[in-house]
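Only one structure is covered here, and it is reproduced in the block below.
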Amino acid sequence: MSSNALSFSDMKLATWNINSLAVRLPQVLDWLQVHEPDVLVLQETKLTDDKFPHAELQRAGWQAQCFGQRTYNGVALLSRQPADEPVHNIPGFDDAQARVISASVKGLRVVGAYFPNGQEPGSDKFAYKMAWLDALESWLRAQLARYPNLVLMGDFNIAPEDRDVYDPEAWRGKIHCTDEERAHFRNLIGLGLVDGFRLFEQAPKSWSWWDYRNLAFRRNQGLRIDHILVSESLKSKVLSCSIDKTPRKNERPSDHAPVLAELAWPAH
DNA sequence: ATGACCCAAGGATTGGGA
């Protein structure tokens with residue numbers, strides 16, 4: 001607590017699809033204690049807001065904005081400092097599913113998102129994914145004008161390039177890897193966002209998700225579908241971006257690993 | 001092998017995930 005107005009302190013941001021917060025809360029609390037992020041966005045909490053574990057998180061030192069629903073989806077934004085101007089989902093896009101939560105923390109606009117899965121090209125769910133992505137993009141264009149310092153992070157359910165797929169030939173044209181989904185990812189980049197992970201040298205075969213089946217984690221057969229995108233004005237402030245595989249080794253893991261980024265940011 | 005695993009709901013299976 002020795003910072004002053006002129007000092008800079010790294011701001012740690014993270015995203016994690018935890019596939020049920022009810023099941024994974026102990027792991028989230030452990031992870032928070034180890035990494036002490038300023039912001040952690042969660043996807044697939046699968047909890048209505050009345051069941052959100054505010055008390056346990058508060059005891060550990062994090063406050064939470066939550067936006068949940070029964071059974072599926074559900075997102076949350078945990079932060080050390082207060083989160084201001086919370087917004088749920090994509091304004092103007094009528095959606096029964098709880099997928100986006102945004103707020104400002106220490107002057108940074110954070111958008112945490114759980115992109116639709118899409119199931120299979122040609123399906124109704126794929127059409128919904130495409131409509132959702134269209135809406136996200138037009139909303140984000142305006143958000144970036146309003147908040148030049150913006151981070152979009154979450155489970156994108158898109159593997160942007162072949163190097164983000166353990167077997168690109170087998171996955172070609174399959175969900176997460178279709179040309180349409182990848183075009184949408186490039187649209188997001190075109191809005192003035194940068195893939196934080198690719199700002200740095202990374203080990204080949206870096207994934208953020210591994211199927212529960214087929215011993216996929218042990219064989220390192222996965223996809224990189226969880227991302228942290230930063231606005232252009234933040235690009236030079238990104239100090240690191242990495243995937244933390246450690247929680248995937250837990251006894252009852254989520255199928256996703258958290259993605260972490262550090263920003264040089266004025267102390268508040 | 002149109003499989004395999006995990007979760008919620010519900011109280012056996014099914015839908016959804018990716």
Side-chain angles (χ1 to χ4, degrees), chain A residues 15-28 31 41-53 66-76 95-100 112-133 136 153-185 197 205-227 243 245 247-259:
Chain A
T15 175
W16 193 4
N17 179 324
I18 32 83
N19 184 16
S20 168
L21 186 54
V23 173
R24 235 69 68 185
L25 179 62
Q27 294 183 38
V28 171
W31 196 86
V41 291
L42 300 174
Q43 300 88 40
E44 289 205 82
T45 57
K46 301 185 179 178
L47 285 178
T48 49
D49 292 347
D50 58 304
K51 293 182 176 141
F52 195 87
C66 60
F67 177 41
Q69 65 178 88
R70 218 171 76 118
T71 314
Y72 304 119
N73 310 314
V75 286
D95 197 346
Q97 305 183 28
R99 294 189 172 276
V100 189
Y114 176 46
F115 290 39
N117 174 295
Q119 203 156 60
E120 190 184 358
S123 66
D124 289 350
K125 291 190 173 71
F126 191 82
Y128 165 70
K129 184 174 193 171
M130 295 299 110
W132 188 93
L133 284 161
L136 178 74
M153 56 182 176
D155 175 359
F156 284 49
N157 274 316
I158 301 174
E161 300 176 55
D162 278 356
R163 62 176 165 165
D164 301 310
V165 182
Y166 73 94
D167 187 345
E169 289 312 318
W171 280 79
R172 195 165 306 287
K174 300 284 201 314
I175 199 65
H176 312 306
C177 301
T178 64
D179 292 342
E180 296 97 316
E181 292 164 282
R182 288 178 170 177
H184 273 291
F185 189 88
F197 192 73
K205 305 184 193 304
S206 290
W207 325 125
S208 67
W209 170 85
W210 301 258
D211 202 309
Y212 281 123
R213 298 167 292 188
N214 312 329
L215 306 172
F217 183 70
R218 202 192 301 183
R219 296 171 172 160
N220 197 30
Q221 297 178 339
L223 308 175
R224 191 177 71 96
I225 54 178
D226 301 85
H227 307 294
I243 298 167
K245 287 172 72 165
R248 192 63 175 78
K249 300 168 186 166
N250 287 343
E251 205 167 303
R252 239 183 128 182
S254 167
D255 42 354
H256 295 253
V259 185

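In the text below, chain A, chain B and the rest are named by the order of the sequence lines, each starting its count at 1.
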Under 4.0 Å between a side-chain nitrogen and a carboxylate oxygen: does that hold for A:Arg213 and A:Asp255?
no
Is a side-chain donor or acceptor of A:Asn157 paired with a backbone partner of A:Phe115 at a separation under 3.5 angstrom?
yes
Hey, what's the ring geometry for A:Phe217 with A:Trp210, parallel, tilted or perpendicular (30° and 60° as the breaks)?
perpendicular
Name the nucleic acid region contacted by A:Asn17, choosing base, sugar-phosphate or nothing; use a 4.0 angstrom heavy-atom cut-off, strictly under.
sugar-phosphate
Just to be sure I understand the rule, does A:Lys174 reach a base, reach only the sugar-phosphate, or reach nothing, if contact means heavy atoms closer than 4.0 Å?
nothing
Does A:Ile225 reach a base, just sugar-phosphate, or nothing at all? Heavy atoms under 4.0 Å.
sugar-phosphate
Spacing of A:Tyr128 atom OH relative to B:dG16 atom P, expressed in whole Å:
13 Å
Can you label the angle between the A:Tyr166 ring and the A:Trp171 ring as parallel, tilted or perpendicular, going by 30° and 60°?
perpendicular
Contact list (N/O, under 3.5 angstrom) for nucleotides 5-12 of chain B vs protein:
{"unit_1": "B:dC7", "atom_1": "OP1", "unit_2": "A:Arg24", "atom_2": "NH1", "d": "2.9"}
{"unit_1": "B:dC7", "atom_1": "OP1", "unit_2": "A:Arg24", "atom_2": "NH2", "d": "3.3"}
{"unit_1": "B:dC7", "atom_1": "OP2", "unit_2": "A:Arg252", "atom_2": "NH2", "d": "3.4"}
{"unit_1": "B:dC7", "atom_1": "O3'", "unit_2": "A:Ser20", "atom_2": "OG", "d": "3.4"}
{"unit_1": "B:dA8", "atom_1": "OP1", "unit_2": "A:Ser20", "atom_2": "OG", "d": "2.4"}

State which residue, out of A:Gln43, A:His256, A:Lys46, A:Glu44, fulfils the side chain to side chain donor-acceptor pair (under 3.5 Å) condition with A:Asn19.
A:Lys46
Measure the distance from CD on A:Gln221 to C1' on B:dA18 and round it to the nearest whole Å.
14 Å
Check every strand shown and say whether A:Asp155 touches a base, only sugar-phosphate, or nothing at a heavy-atom separation below 4.0 Å.
sugar-phosphate
Reckon A:Tyr114 touches a base, only the sugar-phosphate, or nothing at all at heavy-atom distances under 4.0 Å?
sugar-phosphate
Whole-Å gap separating C1' (B:dG17) and CD (A:Gln119):
9 Å
